[in-house]
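Here is the structure we will look at, set down as C-alpha cells.
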Amino acid sequence: MLSLEKVFYIIISTILVTVFILFTFVFSPNAVDNQKGKVKTIYFADNISKAHQKIIDKFNKKYEGQIKVETINLPFEKFSTNERKELLARYLRSKSNRIDVFSVDIIWVPRFAKWSLPLDSMIDSQKVNNLLPYALKSCLYDNKLYALPLYIDIALMFYRDDMLKQLPDYQEFSTELASSITWERFFELKKKLKTSDKNFYIFQADDYEGLLCSFTEIMSNLNSRIIQENEQLKLDEQNTRKAISFLHDLIYSKRLSPQAVTDLRENNSYQFFVNNNSFAVRGWPNFLSDDNHYLSKNLKSNIKRAPLPHLEGSEPASVFGGWNLMVSKYSERIPEVMKFLEFILSDEAQKILYEEENFLPVIKSLYQDLSFTKNHSELKYYDNLFRTGVYRPFLEEYTNVSDILSFYINKALKNEISIDEAVKLASEKISEKIVID
C-alpha cells in the first residue's frame, strides 16, 4: 500500500507536469513548429528575466527567417527550485521533443545528464577555453561536457556600513570584514553594535537548498565534505553534528539570528533584513540589482559587500551557485540550439546578463576587458572572491542527499528534533541510496 506521503508526492508531481504542459502548448505563442517553413523554432525553458528576453530578442533578430527561440517561462515566483527540478525531470522522462534547451541549478547537472546531450564535439573549443574554470567545472560530469554555464554565482555577505561607522574602532572592523572576518570576531562585533536583539545576521534556513549552502560553508571550515563521494554515500556524522550545532547556536545561544530564519528563503530574507533594521544578510550578487525592490536608494548606498565569516583557524569559504544550460537529447533542432548557446556565451549576451540583472559573467574575456571593468570595478572583487569558492558534491544522488539533509537540519534548527536525532535520521536515509528520477 502506498504511504500518504507517496500519494501526496504523486498528486503534486502530476499537477506540476500538467501545468508545465499548459505552459508549453497553450501559453507559448507558437506552440507548433512550422515544419514546412524555413524558420526552425527552438524551445527554451527557464525563469525568463528581462535580460533573458533581451538576449533572445537580439538572437531572433540576428537569425530572422532562420531560427526563432520561443520561451517556456518558469518564474521563480510561481515555481520553487525544487518544483522546477522535479517538473523538468518528469517531463524529460516522457522523451518529448518539446523542450530543446533548459536551465538547471549547477548542482543538477549529474542528475539531468542521462536526458542530455554531451556537448564536447559540438561547441567551438575557443568558446570553452574562454569559460571561467570555476563555471566550467560545474558543467562536467563523467569526464564529459554536459552543460554550458549561463551565469555564475558566489555567496557573500552584505552589511550596513552606516551602522558600523557608529563604532570608534570602525576602521579595524571594516578591514576585517573586507578580508573575511572570523565568526569569533563577528560575535564580538554584535555585542558592540546596538541593533535589534537577535536580528543582527540574517541567513536562509528554510527547508531547501539555500540552507545546504550555509551548511556546506561551515563543513568546509571544518575541513570536511558533506558526504564521502564513494559507493557508500557515507555522511560525516561528527562534523555534520558540529556544523548543525554551529547554525543552531547562531539562533539560540549566540542570539545572532532570529528563529524566523528557519522559514526564510532568499527574497523574504532580504525583506526581513530591511524591515528589521538588521546589520548583515547572507546573499548573492544580485542582492544589489534593481530587481531587489526592498532596498531604497538611500539604504543601498550604505550597503557594503564582504566575504562570509569563517571559523578561526580555517580558510574562508563561499559556496558557488549559478545556472547552467543543457540540451535535451530528444531535441530535433541541435544545430540551431548550438547557435543559440554560443550566442549566450558571447561578450554581448554576457554583458546584458550582468548589466541588467547582476548575473556574474562566465567568460574570461569580460574580466580582462579593461573598458568593461573600468565601468564595473566590482568584477575584480568577484574575480578575487571566486578563489574562496567551494562546490557542493557533483553526484547524481546529491539532490536527494540535499533534500534529506535540509529537511532534518531545518527540523533541528526549529527545535522540533534534537541535533543528534537529525544526524542519525539523515545518515540512515542517505545510506539507503534512494534516487528519485
Side-chain angles (χ1 to χ4, degrees), residues 3 5 82 85 105-108 110-111 155 182-184 186-187 201 203-254 256-257 259 261-264 282 308-321 388-436:
S3 67
E5 185 180 356
N82 277 354
K85 175 184 66 181
D105 188 304
I106 62 170
I107 59 168
W108 300 350
R111 179 173 180 178
T182 65
W183 280 109
E184 292 78 6
F186 200 52
F187 298 149
Y201 175 67
F203 68 105
Q204 303 80 29
D206 195 4
D207 171 16
Y208 83 120
E209 185 61 32
L211 173 56
L212 261 290
C213 291
S214 290
F215 176 73
T216 300
E217 288 151 359
I218 301 302
M219 288 291 280
S220 180
N221 284 174
L222 296 170
N223 197 29
S224 177
R225 294 181 176 184
I226 293 178
I227 52 173
Q228 304 306 312
E229 297 179 14
N230 55 36
E231 292 181 0
Q232 301 303 315
L233 285 180
K234 186 174 176 59
L235 188 70
D236 181 345
E237 293 188 16
Q238 181 179 358
N239 282 317
T240 294
R241 190 174 289 104
K242 288 181 181 179
I244 299 174
S245 295
F246 180 83
L247 296 174
H248 189 274
D249 287 346
L250 289 182
I251 300 170
Y252 299 102
S253 65
K254 299 297 184 182
L256 213 71
S257 307
Q259 191 174 0
V261 298
T262 59
D263 291 314
L264 296 182
R282 184 193 183 283
L308 292 165
H310 66 283
L311 293 172
E312 190 172 346
S314 71
E315 293 295 320
S318 296
V319 158
F320 278 118
T388 69
V390 293
Y391 299 93
R392 288 156 286 170
F394 291 117
L395 296 172
E396 183 178 356
E397 300 92 341
Y398 172 72
T399 56
N400 298 286
V401 170
S402 172
D403 289 345
I404 292 166
L405 275 171
S406 62
F407 178 77
Y408 288 112
I409 294 173
N410 178 261
K411 277 191 168 295
L413 296 186
K414 287 182 171 180
N415 283 333
E416 293 177 1
I417 59 175
S418 70
I419 293 170
D420 283 342
E421 283 179 296
V423 175
K424 179 177 180 293
L425 292 169
S427 186
E428 289 174 355
K429 292 289 185 183
I430 288 170
S431 66
E432 291 174 11
K433 292 183 67 173
I434 298 172
V435 178
I436 304 172

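Source: prediction; values computed, not measured. We're numbering straight along the sequence, starting at 1.
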Can you measure from OG (S418) to CD1 (I244) and round to the nearest 0.5 angstrom?
9.5 Å

How close do C213 and R282 get, counting heavy atoms only, and between which atoms?
CB-NH2, 3.2 Å

Between S402 and R392, does any side-chain donor sit less than 3.5 Å from a side-chain acceptor?
no

With sequence neighbours left out, what residues match D249 under side-chain contact (heavy atoms from CB on, under 4.5 Å)?
S253, K254

Would you say the side-chain atoms of D206 pair up with the backbone N or O of V261, donor to acceptor, closer than 3.5 Å?
no

Counting C-beta onward and ignoring hydrogens, is there a side-chain heavy-atom pair between S318 and T388 closer than 4.5 Å?
yes

Closest non-hydrogen contact found for Y391 with T216 is O-CG2, 4.2 Å

Reported CD1-to-CG distance for the pair I226 and L395, which is rounded to 0.5 angstrom
10.0 Å

Under the side-chain contact (heavy atoms from CB on, under 4.5 Å) test, residues paired with D236 that sit two or more places apart:
M219, S224, Q228, Q238, N239

Check: S257 side chain, I251 main-chain N or O, donor-acceptor pair, under 3.5 Å:
no

Are V401 and L212 close enough that some pair of their side-chain heavy atoms sits under 4.5 Å apart?
no

In Å and rounded to the nearest 0.5 Å, what is the CG to CD distance from L311 to E184?
6.0 Å

Aromatic rings F203 and Y201: how do their planes relate, parallel, tilted or perpendicular, breaks at 30° and 60°?
parallel

Any side-chain heavy atom of K414 within less than 4.5 Å of one from D263?
yes

Is the closest side-chain heavy-atom distance between F394 and Y398 below 4.5 Å?
no

Neighbour count >12 (heavy atoms, 6.0 Å) for atom CG, N415
yes

Residue pair T182 / E312, side-chain donor-acceptor N/O under 3.5 Å
no

Shortest non-hydrogen contact between V390 and A317, atoms and distance
CG1-CB, 4.0 Å

Salt bridge or not between K411 and D207? Use side-chain N to carboxylate O under 4.0 Å.
no

Tightest non-hydrogen contact, residues Y408 and A422, listed as O-CB, 3.6 Å

Any salt bridge between K85 and E209, counting N to O under 4.0 Å?
no

Nearest heavy-atom pair of N410 and L211: which atoms, and what distance?
N-CD2, 3.8 Å

Rounded to the nearest 0.5 Å, how far apart are CD1 of I404 and CD of E432?
7.5 Å

Determine whether W183 and L250 make a side-chain contact, defined as any pair of heavy atoms from C-beta on separated by less than 4.5 Å.
yes

Look up atom CG in N223 and atom OG in S314, then write down how far apart they are to the nearest 0.5 Å.
9.0 Å

Nearest-0.5 Å distance that lies between atom CG in L256 and atom CZ in F187:
6.0 Å

Do any pairs count as a salt bridge (Lys or Arg N to Asp or Glu O under 4.0 Å) and have a residue in residues 237-247, sequence neighbours left out, and if so which ones?
R241-D420

Taking every heavy atom of S214 against every heavy atom of L247, the minimum-distance pair comes out as CB-CD2, 4.4 Å

Would you confirm whether Y252, through its side chain, and L413, through its main-chain N or O, come within 3.5 Å as a donor-acceptor pair?
yes

Is the closest side-chain heavy-atom distance between F246 and N221 below 4.5 Å?
no

Counting only heavy atoms not in E315, do more than 12 fall under 6.0 Å of its CD?
no

